Amino acid sequence: MPSVTEILETMDYGPAPEASGEVRAWLKARGTFGHFIDGAFTKPGKTFATADPATGEVLAKVAAGSVKDVAEAVKAARAAQPGWGRLSGHERAKWLYALARHIQKRERFLAVLETLDNGKPIRESRDIDVPLAARHFYHHAGWAEMLAEEFPGASPVGVCGQIIPWNFPLLMLAWKIAPALAAGNTVVLKPAEYTPLTALAFAEICAEVGLPKGVVNIVTGDGETGAALVAAEVDKIAFTGSTEVGRAIRKATAGTGKALTLELGGKSPFVVFADADLDAAVEGVVDAIWFNQGQVCCAGSRILVQEAVAATFQNRLKARLGKLRVGDPLDKSTDVGAIVDPVQLTRIRDLVAKGEAQGAKLHQAAAQLPAKGCYFAPGFFTDVAPANIVSEAEIFGPVATLTTFRTPDEALALANNTRYGLAASIWSENINLALDVAAKVKAGVVWVNSTNVFDAGAGFGGYRESGFGREGGREGMREYLAEPTPRARAEVAAVALDAAPVPAAPSKGAAPIDRTAKMYVGGAQKRPDSGYSYAVMAKGREIGLAGLGNRKDIRNAVEAAQKAGGWGKATGHNRAQVLYYLAENLSAREAEFTARLKEAGVTKAADEVAGTIRRAFYYAAQADKFDGAVHSTKSAHVTLAMPEAFGVMGIACPNDAPLLGFVSLVLPAIAMGNRVVAVPSQSMPLAATDLYQVFDTSDLPGGVVNIVTGPRDDLARTLAQHDDVAAMWYCGGAEGARMVQAESAGNLKVTWTLANRDWHGPDGQGRGFLTRATQVKNIWIPYGE
Amino acid sequence: MNADATAHGTNTLRNAGIPLQLDWFETIAVNTPAAERRAATLTTRRSVKKEWQAAWLVNAIRCMDLTTLAGDDTEDRVRRLCAKARRPLADHIMEGLGLDRLMTGAVCVYPTMVGAAARALEGSGIPVASVATGFPAGLMPLDLRLAEIRYALDQGADEIDIVITRAHVLDGNWSALYEEIAAMREACGAAHMKAILATGDLKTLRNVYKASMVAMQAGADFIKTSTGKEGVNATLPVSLVMVRALRDYSHETGYRIGFKPAGGMKTAKDAIAWQILMKEELGNPWLSPALFRLGASSMLGDIERQLDHHVTGRYAASSRHALA
């Protein structure tokens, strides 16, 4: 150890290691961990080792979960669920409170253990991960307490299978378990294979507080164990991890009826405008991509800087990079610790090498890396072409890309030029500019002049291929609750489509003028691409012809819908006016529509038209009232939860109730600002095609509603596969629902599959439709001067 | 051990000031929540322990302007303070730390106490700093304020801590502020001038940045946060903004400017916190008394107790240490 005199010459920080003796003693005493099932640890069968990435030292052996282990855990959770779900909210709140308290009381134990197992700096596990985990349990103790009052009629989903990643092991456990338990569910949670230890410590805490057995079950293992959990008899899967695995889970759960939430990867933009506090933004980069070794799904990994300040910003960023301390995660002065595992380190190295090979210039900290252990010097790329692999791929390491932009429009175009949509960070002292970009950026979480700010009271989750569902806040609670399921109503199967002429008896009277129902695309009537029509039959008689739509019609309709983006920017009041006007114009033609439905053999024809008019009034009323919330999170932060339209939605309508079924799905979607490509009732599409003229006279902008008639499930498949469709509703049979869910995996669009219902009754409308037609964006705005 | 004031990097060239450059600061963006966040995490990101902690506390002493600025100051009181500045730590602590020589960066007093301080510090090499220019409010005619500088210099002051007219900042009257400080700098002559911005009166961090920049352009050798008499004195967010202004000025001109937080810092923990700020935002040269001073009075007592504990392993009582 150098003397005081020597240190006075260097003014170094010196080592400041956090003691790990208590935790190491615990690991030594346990040695090998079984699963935590039904309130007790199982005898471990096959095991694998979990190591400290900073040293390679094996910390413990944990059980490799088999299909049988998973089944036993699910069985225990299943057995425990009714009792747990029947407890009063207050009783469950007491348990959650106990868990929160115990996490706090074990805060340093958990922080040290997390750092050992994961490699993250002790500052982060101590000041961020563990306090946020405790906060999550406190917050959800509150939701449990208020559940009946705040979510009347809702019930627990049941048994939840939860699969979490290795980047924030305990925190992600808290994000999963706290809301699930608050809502009355029981869980089987699988921690990541690299980082199972804090979950096992949490299991001991569950046992310590005396949580009823089977409510929380922890099964350790790798991807195979995870796949077994996805396949198990659970009611919901909640997954946080890579987009690749998320896609596989989407496919695997398609048609099973399992609820699904996915929190996946990202390549989040970090936009620095010329009028920003550049020092604040530089520090933001430290908290974004150099936080947790860059192993953060919402990390601001694409830095976009306005050209006017790019040179200054880059110089300051480089200077700041030079101050980072990389090394022993247990040292209290470490900024960047160890990468979680050699496999991940190799992956980062490969991607970075490819990025360099493709022409990007790497600027790396000159930090002296420890001789052994999984370390990667933090840095950033410049000269990155948009097609460079590091522009697109999530590196999941401490390396960002830095590119420049000229104008706010260009910044937005670059920011949204990604398949992901998890988070965005916007730096500007101009509140008009910052909020404008916040509104337009495609991301579930937007931080203005800040980054990586989290709180249990706000929702977190992505747009696009960053997944769906939210964690935290009211919107997060909803994901663990089931609304009462409307009674399914059988519908007559659609008849096979026949493009051949249908000869009828010669007419005795004067010839009626032929009516033509085309496709409705971009506000204009278009002939079907196929050039075929099919007969719409009623009571054995052809009542008209409808275009036989194909995939190209869907393509054209989606393009038209994409162009109608102005609809989403219109005020709720504007949209309400259009919907009211639609009701007015339909009312003027009530008799005609009733006659048409009667002709088609619809039994309650007059009711259906009257119901349609009422529905238009209802969603006109909602258009400017379904608004968001201001979450109570951190002090001096406004956290806005804004329901936003998806953009372009595909809607496959029921065969039943050809008019009312159609409007019951299309109107809530457009009331929220979506543009729709709808496939109307296959057997009676004329009820929908008759609406063209009503749309045209009601000032509905072209492209907001597009209608393609024809084989519903074929057209639905094309919609589900379409990468430029953000959400898809499908009302039809089980096989169609499975198909839509499976095909949606391509761009991970949000799907809602629903069975036909009584569209005349209360199940035919409501706020639930609006919730399904929107995604929540949380915007964080710290304030203070 | 070399605890001289010139141990580390020094100003090779003294700041000569430059003509007023409004475009260097008029549109400056300072985001307050972000500055507060950075300030709050500075001390959670860095830690000094054991020998290192001891060394950093010793360094705080050699960067300290040991201060008394009270209405009831007497020459005897000042002499006592000067004795402490000459011998800031008890002998057993010095011995335990392996130090043979240590003194504070300066002693800071009112102008009428400068003579007593200069006599008491004679031969020690410890500079006498005097507040002047109508300390603390500065609301006196400029000629009297300049005369006060000359008086203090005449009494033997080596350094002058001036106060600015806050109204010039609040009114955005940058040329008036510039001219006032430039005149003071001229009056200081060879004596180093520290410009006290009284940041607690300026309120916003943008104002703090702007006032810092004007003071440096007008020739300040140091910029200093507070008189100790404002409602809010030295804080880390304010200090952060000042050292960033100082960095920017250095970047533009090549001059190194010193920083002196003052007021409200009472603990050894504070001493470490501000040194972390200097090291992280600027670098090691700003851990030497040539470019960094801590304006404090009671902080030394806490540091001495901590160092006593470091040396003996026993918690110390202030009654066993010499009063400042």
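Owing to the predicted nature of the structure, the values given are computational and were not obtained by experimental measurement. Labels below follow one simple rule: chain letters A, B, ... track the order of the sequence lines, proteins then strands, and each chain is numbered from 1.
- To the nearest 0.5 angstrom, B:Glu280 atom CD is 3.5 Å from A:Tyr13 atom OH.
- Looking at every heavy atom in both residues, A:Lys323 comes nearest to B:Gly283 through NZ-CA, 3.7 Å.
- Proximity to chain B (any heavy atom under 4.5 Å) is shown, for A:Glu785, by both the backbone and the side chain.
- When every heavy atom of A:Val4 is checked against every heavy atom of B:Leu97, the shortest pair comes out as CB-O, 3.7 Å.
- For A:Asp12, the parts lying under 4.5 angstrom from a heavy atom of chain B are both the backbone and the side chain.
- Looking at B:Ile28, neither its backbone nor its side chain comes within 4.5 Å of chain A, counting heavy atoms on both sides.
- Across every non-hydrogen atom of A:Ile7 and B:Ala55, the tightest pair is CG2-CB, 3.4 Å.
- Looking at heavy atoms from C-beta onward, A:Arg316 lies in side-chain contact with B:Arg247 at the 4.5 angstrom threshold.
- Between chain A and the residues B:Glu281, B:Glu36, B:Lys279, B:Lys49, the largest count of heavy-atom pairs under 4.5 Å involves B:Lys279.
- Ranked by heavy-atom pairs under 4.5 Å with chain B, the first of A:Arg123, A:Lys332, A:Arg126, A:His637 is A:Arg123.
- Note: A:Ser333 leads A:Gly784, A:Ala281, A:Ser333, A:Ala319 in heavy-atom pairs under 4.5 Å with chain B.
- Residue contact with chain A, scored on non-hydrogen atoms closer than 4.5 Å, involves the side chain of B:Arg244 exclusively.
- Minimum heavy-atom separation, B:Arg62 to A:Leu8: NH2-O, 3.2 Å.
- When each of A:Asp275, A:Asn449, A:Asp279 is scored by its heavy-atom pairs under 4.5 Å with chain B, the top score falls to A:Asp279.
- Using a 4.5 Å cut-off between heavy atoms, A:Arg325 contacts chain B through both its backbone and its side chain.
- A donor-acceptor pair is defined here as one N or O able to donate and one able to accept, closer than 3.5 Å; no such pair exists between the side chain of B:Lys50 and the backbone of A:Pro15.
- Contact annotation for A:Ala276: only backbone heavy atoms (N, CA, C, O) come within less than 4.5 Å of a heavy atom of chain B.
- Rounded to the nearest 0.5 Å, atoms CZ (B:Arg38) and CD (A:Glu283) are 3.5 Å apart.
- Proximity to chain B is limited to the side chain of A:Asp127, based on heavy atoms less than 4.5 angstrom apart.
- Residue-environment remark: CD (A:Glu307) exceeds the threshold of 12 foreign heavy atoms within 6.0 Å.
- Counting heavy atoms from C-beta on, the side chains of A:Asp335 and B:Arg46 come closer than 4.5 Å.
- Looking at B:Asn207, there are no atoms closer than 4.5 Å to chain A (heavy atoms on both sides), in backbone or side chain.
- Remark: A:Glu22 CD is loosely packed, at most 12 non-hydrogen atoms of other residues, nucleotides or ligands lying under 6.0 Å away.
- With a 4.5 Å cut-off on non-hydrogen atoms, A:Thr312 does not touch chain B at all.
- There is no contact between B:Thr27 and chain A, counting heavy-atom distances below 4.5 Å.
- Looking at A:Asp287 and B:Arg37, a side-chain N of the basic residue comes within less than 4.0 Å of a carboxylate O on the acidic one, giving a salt bridge.
- At most 12 non-hydrogen atoms from other residues, nucleotides or ligands lie less than 6.0 angstrom from CD1 of A:Ile431.
- For chain A, the option among B:Asn31, B:Val48, B:Val30 with the highest count of heavy-atom pairs below 4.5 Å is B:Asn31.
- For a residue to count as touching a neighbouring chain, one of its non-hydrogen atoms must lie under 4.5 Å from one of that chain's; by this rule A:Pro2 touches chain B with backbone and side chain alike.
- The neighbour count for B:Glu252 CD, taken as heavy atoms of other residues, nucleotides or ligands under 6.0 Å away, is above 12.
- Within 6.0 Å of the NE2 atom in B:His251, the count of heavy atoms belonging to other residues, nucleotides or ligands does not exceed 12.
- Only the side chain of B:Gln275 has a heavy atom closer than 4.5 Å to any heavy atom of chain A.
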